[in-house]
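Below is one structure, written out as structure tokens; comments come after it.
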Amino acid sequence: MSNMKKMSSLPLMTKQHKAQLERRIAGSTNRWRFPKQPFSGDLLSLSQKYKALSVDFEEALRNPDRLCISQIQKLFCGNLKDEDIQSGEADVILECLGFKWELHQPQLFQSQTLAKLYLEALAQGSTSPLRELEKLLQAQSPKKTKERPPVKKMTISLKINDPLVTEVPFATALKSLYMSEVEILLDNVLGVLASAHILQFNGLFQRCLDVMMAGLTPTTIRKFYEAGCKYKEEQLTTACEKWLEMNLVPLLGTHVHLCRVPQDLLHKVLKSPRLFTFSEFRLLKTILFWVFLQLNHKIMAIPTYETMLTFFKSFPKNRCFLDRDIGQRLRPLFLSLRLHNITKGKDLEELQDLNFFPESWLHRVAANHYHAMENGGDMAHLKDLNTQAVRFGLIFNQEYTTYSKLIAVYGFFFEIKGLKHDTASYSFYMQRIRHTDLESPSVVYKHKPVSLRAVRLVKYEIRARTLVDSKWQEFRTDEVLQKFELAKPSCKSHLENPNCGQPNLCNFCIHLPTILTVSRRIYGISPNTDLHKRK
């Protein structure tokens with residue numbers, strides 16, 4: 001490109017990118033360079049730059065890693081339009097996977113790997129690689145097609161050892177060089193992702209990530225999470241974590257593919273304050289099923305709860321399961337659970353009979369319950385709402401107009417409730433219930449303590465998650481500290497700013513702290529929070 005032609009575009013570029021310009025000296029001519037813009041095809045300037053750095057330009061062409069491949073690639077991709085699909089004779093033959101793939105030069109340069117291979121072949125097959133590169137760049141200059149000089153045909157070879165890269169996904173990756181809307185099937189997406197990684201085809205790689213994040217299921221969660229770890233793609237691993245936070249208990253808890261969840265991913269999710277569960281005991285049962293499936297690989301369907309209990313009870317009674325060699329590596333999972341939130345006497349007896357946990361763990365749980373009951377229900381041993389609060393959850397389907405669930409904490413009874421106002425407006429709140437207003441009071445009296453305290457102090461938080469435009473969004477209240485009495489309206493949780501639309505999962509996190517007045521303790525429990533979003 002001539003100096004005059006280059007300088008003629010300078011005023012326009014200066015106006016549009018004034019803040020990005022910088023003057024760079026290249027050789028003895030003090031030429032203008034715009035390093036933040038794509039490579040302009042000015043070979044003289046590029047040559048002088050290498051000369052100033054004491055680098056042999058001819059040698060640089062023979063070693064494309066030292067050449068600005070990404071800049072040359074931008075030149076090709078910038079001139080390539082969607083309608084420029086090549087239909088003529090191929091000028092590049094790619095030998096790979098035992099096949100010969102016919103490609104066209106402009107499309108080939110969308111892949112950094114293929115661009116490097118092409119430039120290497122260009123340098124090795126010519127005594128003057130600089131002249132061949134000059135022809136190559138001239139062919140991409142904005143001239144009429146008939147004026148472009150002929151380009152030398154090349155054969156390049158690429159060796160791939162990744163077992164994920166087979167003929168079909170690799171063909172899909174090469175097809176994406178020509179078409180931006182190639183369909184990527186979920187069955188082949190891992191192979192296409194691996195092909196895009198090898199080809200260094202960034203646009204296709206991101207499309208594969210999008211397909212994988214939208215296609216998370218019980219059967220794909222393991223492979224997609226491992227792919228995210230392999231390629232260090234945080235957006236994919238984070239998507240897997242968020243998906244599992246919502247689906248571990250309600251979906252995978254009754255699904256045989258629960259066994260496919262990697263232990264490190266499961267551990268991360270168990271420590272997350274966003275984890276959804278109907279109750280702490282339901283979460284514990286899910287993890288026990290996961291352990292059972294890890295030890296019984298041939299099981300083709302998730303067993304009954306009684307079968308799982310019988311299996312763990314079959315171990316010798318001299319040591320609990322977690323104290324055995326087989327259970328030592330699983331301890332971090334169960335340390336992440338909130339066993340102190342299992343308060344039903346029947347459930348606690350089941351844990352004792354299971355011989356799964358160390359006696360010291362169960363004694364600590366029992367001691368915490370004893371001290372809480374002795375102090376009228378105050379959970380003085382709990383300090384942090386995010387990591388220690390009692391968790392309850394409900395699933396609100398779109399066909400519901402109202403849905404509620406009764407919960408009990410140390411003799412205090414609450415109803416957690418969801419209401420549908422219209423197609424895009426929902427509310428969630430919690431209210432205290434008198435024990436005499438329960439539908440089956442005799443059952444409650446038989447299995448649960450009852451507190452006659454008129455006031456209960458509660459620290460709580462309500463989270464709701466919903467699918468908006470194919471993406472999960474979370475809406476939440478702040479941490480709220482409120483007194484719950486038995487008379488309306490003080491029995492309901494406070495109203496918050498409405499901000500939740502079309503929810504699917506809702507978590508209620510509750511903590512009953514201690515509060516002192518002048519002469520007596522006041523026990524309070526309160527959640528009533530409105531969350532809704534209007535479209």
Side-chain angles (χ1 to χ4, degrees), residues 244-255 258 261 266-267 269-293 302-313 320-322 330-331 333-359 361-370 372-373 377 379 381-382 387-395 404-416 430 443-444 446-449 460 505-512 525:
L244 195 60
E245 288 169 1
M246 293 184 290
N247 293 286
L248 175 62
V249 175
L251 180 59
L252 282 171
T254 57
H255 204 296
L258 174 65
V261 179
L266 184 60
H267 190 207
V269 169
L270 290 178
K271 293 190 298 182
S272 171
R274 299 178 300 273
L275 172 62
F276 173 85
T277 181
F278 300 105
S279 67
E280 201 68 32
F281 192 67
R282 277 289 295 272
L283 178 60
L284 171 61
K285 289 200 296 184
T286 300
I287 307 307
L288 289 175
F289 272 122
W290 181 87
V291 175
F292 176 87
L293 294 173
I302 201 160
T304 62
Y305 181 59
E306 291 71 21
T307 300
M308 185 263 291
L309 292 180
T310 302
F311 171 78
F312 287 117
K313 289 179 181 180
C320 72
F321 182 85
L322 290 181
L330 302 176
R331 277 184 167 237
L333 297 178
F334 292 92
L335 286 171
S336 301
L337 298 179
R338 306 176 187 182
L339 297 180
H340 57 272
N341 290 342
I342 300 175
T343 58
K344 290 184 180 179
K346 180 182 178 182
D347 296 340
L348 293 171
E349 290 176 3
E350 203 166 83
L351 293 186
Q352 186 71 39
D353 296 338
L354 191 58
N355 194 34
F356 190 91
F357 297 96
E359 286 291 332
W361 293 23
L362 299 179
H363 289 164
R364 190 181 308 115
V365 171
N368 289 335
H369 291 331
Y370 175 81
M373 295 298 294
M379 303 164 73
H381 60 288
L382 305 182
T387 60
Q388 297 177 313
V390 185
R391 294 180 287 195
F392 300 95
L394 57 84
I395 297 179
S404 63
K405 177 180 178 180
L406 182 69
I407 61 176
V409 184
Y410 294 132
F412 297 89
F413 300 94
F414 295 89
E415 181 185 34
I416 54 179
M430 184 172 80
V443 177
V444 175
K446 184 177 180 180
H447 298 287
K448 297 182 178 71
Y460 68 90
L505 306 178
C506 189
N507 273 351
F508 292 78
C509 297
I510 305 167
H511 175 202
L512 281 61
I525 178 169

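Keep in mind it's a predicted model, so treat the numbers as computed, not measured. One-based numbering along the sequence shown. Excluded from the calculations below are hydrogen atoms, water molecules and symmetry mates; all remaining heavy atoms, backbone and side chain alike, are included.
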Discussion item. Once rounded to the nearest 0.5 Å, what's the spacing between atom CE of M308 and atom CD1 of I302?
Written reply: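 Going from CE on M308 over to CD1 on I302, the span is 8.5 Å.
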
Worksheet entry | Set of ring pair (Phe, Tyr, Trp, His ring centres under 6.0 Å) partners for H267, sequence neighbours left out |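 Residues passing ring pair (Phe, Tyr, Trp, His ring centres under 6.0 Å) with H267: none at all.
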
Discussion item. Ring of Y305, cation from K285 - is the NZ or CZ under 6.0 Å from the centre and inside 45° of the axis?
Written reply: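 Relative to the ring axis of Y305, which defines the angle, K285 lies inside both limits.
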
Discussion item. Within the 4.5 Å heavy-atom criterion, are F289 and L252 side-chain neighbours or not?
Written reply: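 No; the side chains remain at least 4.5 Å from each other.
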
Which atom of [X] lies closest to which atom of [Y], heavy atoms considered:
| X | Y | result |
| --- | --- | --- |
| R391 | N341 | N-ND2, 4.2 Å |
| L248 | L283 | CD2-CD1, 4.1 Å |
| F292 | P303 | CE2-CG, 3.3 Å |

Practice prompt. Take L266 and I287, measure what side-chain contact (heavy atoms from CB on, under 4.5 Å) needs, and give me the verdict at the end.
Written response: CA-CA 9 Å; L266 184 60; I287 307 307; 4.0 Å; yes

Discussion item. Taking the basic N atoms (NZ, or NE/NH1/NH2) and the acidic carboxylate oxygens, is any pair closer than 4.0 Å for E415 and K405?
Written reply: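 No.
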
Discussion item. Just to verify, what does T254 make a side-chain contact (heavy atoms from CB on, under 4.5 Å) with, not counting sequence neighbours?
Written reply: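 In terms of side-chain contact (heavy atoms from CB on, under 4.5 Å), with neighbours along the sequence ignored, T254 is linked to no residue.
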
Discussion item. Side chains of T304 and T307 only: does a donor on one sit below 3.5 Å from an acceptor on the other?
Written reply: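 Side-chain D/A pair, T304 to T307: present.
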
Practice prompt. Tell me whether the centres of the aromatic rings in F356 and F334 are closer together than 6.0 Å.
Written response: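 Yes: the rings meet the under 6.0 Å criterion.
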
Practice prompt. Using side chain to side chain donor-acceptor pair (under 3.5 Å) as the criterion, list what pairs up with R282, not counting sequence neighbours.
Written response: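 None.
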
